[in-house]
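Working notes for the structure below.
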Amino acid sequence: MPCDKILFLLPLLLLLLHFRSSSARANQTHFERAAEEYRRHLAQKQKRSEKPGEDRYRIEDDETLWELFTTESFEWVEDVFTNKDASYYNYSGYNSFEPFRRELYRLEETFDYVSTEVFGRTYEGRELLALHINKKGSRNVVLLNSLIHAREWMVGCVTMNIIRRLLQYTTADAKFLTDNFHFIIIPVMNPDGYEYTHTKNRMWRKNREPTEDRDCFGVDINRNFMYGFMPYTKFDKENVPCSETYASRKALSTKEAEALNFLLFKYRSKIKYYIDYHTYGNLWTYAYGSHIWPPKNNRQLRRYTDVVERSFTDTLGVQWTTGPVFNTIYECHGIVVDHVHYYITPIAFTVEVGNDDDEFYSS
């Protein structure tokens, strides 16, 4: 099943998410503090529930946070994610846009701490829809989005299965996240382009708005943000309307980029972490893409990505590459991770899921 194997991405979030600036051990990394609190939580759970001879929640001194997360001893709540109605979302396959939309509204009706927000509409009139998971009224926002590039089907599975794991599993990791963070998750950031990949052109990347060239449609949303934006000019031979990476004449000219920018600034004071999911390449990257100079908090971001790299390599035997976009991928201007890093939160990442065999979707 193409979407099941990428559920390991949620455990990685906790390597990044927990922060307590008032910690008595000021020299601890976020990861170490998260691991320490997580161990304490499970130790208390073991003390309360362990029966003689039962080692389900036993914690060994050398046990890693990653190993705790990847245990298969899940406790299930009622399975509200298996839909017999084909019009709803299939969590084990690929879906067109409408099942995404229906499923987000269905989850809003099912869970009292889940809500939806229409934060804009596309050129063709489709909803730009965010799902909020905020169990305890947390002011610490984690914003995740995917499918800003239409053909990257696999990352829609990533974000939807993150939602599924947060809501369905009662494991301590899921509870820890939902108790301490307000998740805003946007599974489909480019609905028009994504629908077009299902009906006309599987490899379409951009949105579907008209351009200056009446024979060429679409702007690359992930070149249309303010920081490092490089506008189209008639002298530019690469940034042209027919190019897959066409940026448009003006930053935030696309309805999708404008709407996401509005949402980002709406929650600016609360957003602590941001991840933009893409495929492919097994890359965990951060700002900047528009120039070679590293961000001011490069050392902090390097610590995070080192943890990610070790986790993938040691546990899964999969080699990931980490670092600034400019160094790990290529020079690119007006990308969302640069924009978020500069204007919203310095803890912002672009994650490229999947290897060269998976490409834009896993079989």
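Quick caveat, the model's predicted, so the values are computed rather than measured.
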Side chains of [X] and [Y]: does their closest heavy-atom pair fall under 4.5 Å?
X: Leu129; Y: Tyr105; result: yes
X: Ile186; Y: Leu128; result: no
X: Leu260; Y: Val336; result: yes
X: Leu177; Y: Phe183; result: yes
X: Tyr277; Y: Ile162; result: yes
X: Trp204; Y: Arg151; result: no
X: Tyr246; Y: Asn239; result: yes
X: Pro99; Y: Asn90; result: no

Do you know the tightest heavy-atom contact between [X] and [Y]?
X: Cys157; Y: Gly93; result: SG-O, 3.8 Å
X: Pro324; Y: Ala287; result: CB-O, 3.8 Å
X: Phe181; Y: Ser138; result: CA-OG, 3.6 Å
X: Cys332; Y: Val325; result: SG-CG1, 3.6 Å
X: Ile163; Y: Pro187; result: CD1-CG, 4.2 Å
X: Pro241; Y: Thr211; result: CB-OG1, 3.4 Å

Report yes or no: do [X] and [Y] form a side-chain donor-acceptor pair below 3.5 Å?
X: Thr285; Y: Thr328; value: no
X: Thr254; Y: Asn224; value: yes
X: Tyr273; Y: Asn140; value: no
X: Arg302; Y: Thr322; value: yes
X: His198; Y: Asn95; value: no
X: Tyr91; Y: Glu103; value: yes

Just by distance, do the side chain of [X] and the backbone of [Y] share a donor-acceptor pair under 3.5 Å?
X: Lys206; Y: Ser243; answer: yes
X: Asn134; Y: Gly137; answer: yes
X: Thr305; Y: Gly323; answer: no
X: His278; Y: Glu352; answer: no
X: Glu152; Y: Thr279; answer: yes
X: Asp192; Y: Glu124; answer: yes
X: Arg223; Y: Ala247; answer: no
X: Thr159; Y: Val155; answer: yes

Is it possible for you to say whether [X] and [Y] belong to one hydrophobic cluster, with membership spreading through side-chain heavy-atom contacts below 4.5 Å?
X: Leu143; Y: Ile275; value: no
X: Trp284; Y: Ile347; value: yes
X: Leu131; Y: Tyr89; value: yes
X: Leu144; Y: Leu301; value: yes
X: Phe217; Y: Ile221; value: no

Mark yes or no: Lys255 above the aromatic ring of Tyr123, with NZ or CZ under 6.0 Å from the six-membered ring centre and no more than 45 degrees from the axis. no
Quick one: pull up [atom1] in [X] and [atom2] in [Y] and give me the separation to the nearest 0.5 Å.
X: Thr122; Y: Glu256; atom1: OG1; atom2: CD; answer: 6.0 Å
X: Ser146; Y: Met189; atom1: OG; atom2: CE; answer: 10.0 Å
X: Met226; Y: Tyr343; atom1: CE; atom2: OH; answer: 4.5 Å
X: Asp338; Y: Asn222; atom1: CG; atom2: CG; answer: 9.0 Å
X: Asn190; Y: His149; atom1: CG; atom2: NE2; answer: 8.0 Å
X: His132; Y: Tyr113; atom1: NE2; atom2: OH; answer: 15.5 Å

Apply side-chain contact (heavy atoms from CB on, under 4.5 Å) to Glu258 and Asn261, showing your working. CA-CA 5 Å; Glu258 180 186 30; Asn261 182 63; 5.8 Å; no
Less than 4.0 Å between a side-chain N and a carboxylate O, is that true for [Y] and [X]?
X: Glu212; Y: Arg249; answer: yes
X: Arg106; Y: Glu109; answer: no
X: Arg101; Y: Glu127; answer: yes

I'd like to know whether OH of Tyr342 has more than 12 heavy-atom contacts from other residues, nucleotides or ligands below 6.0 angstrom. no
Are more than 12 heavy atoms from other residues, nucleotides or ligands located less than 6.0 Å from atom CZ of Phe262? no
side-chain contact (heavy atoms from CB on, under 4.5 Å) evaluation trace for Val340 with Leu264: CA-CA 8 Å; Val340 173; Leu264 288 165; 3.7 Å; yes
Checking Val351 against Trp320 for the side-chain contact (heavy atoms from CB on, under 4.5 Å) test, could you report, in this order, the C-alpha distance in whole Å, the side-chain angles of both residues, the deciding distance, and whether it holds? CA-CA 10 Å; Val351 178; Trp320 275 56; 3.8 Å; yes
Begin from the C-alpha positions of Tyr194 and Phe100 and carry the test ring pair (Phe, Tyr, Trp, His ring centres under 6.0 Å) through to its verdict. CA-CA 11 Å; Tyr194 181 66; Phe100 276 93; 5.7 Å; yes
Go through the steps to decide whether Trp153 and Arg202 satisfy the test side-chain contact (heavy atoms from CB on, under 4.5 Å), and finish with yes or no. CA-CA 10 Å; Trp153 286 8; Arg202 171 64 188 86; 3.4 Å; yes
Step-by-step ring pair (Phe, Tyr, Trp, His ring centres under 6.0 Å) determination, Tyr227 to Phe225: CA-CA 6 Å; Tyr227 187 90; Phe225 290 87; over 10 Å; no
Please assess Tyr288 against His341 for the test ring pair (Phe, Tyr, Trp, His ring centres under 6.0 Å), listing each intermediate value before the final yes or no. CA-CA 8 Å; Tyr288 289 102; His341 176 92; 5.2 Å; yes
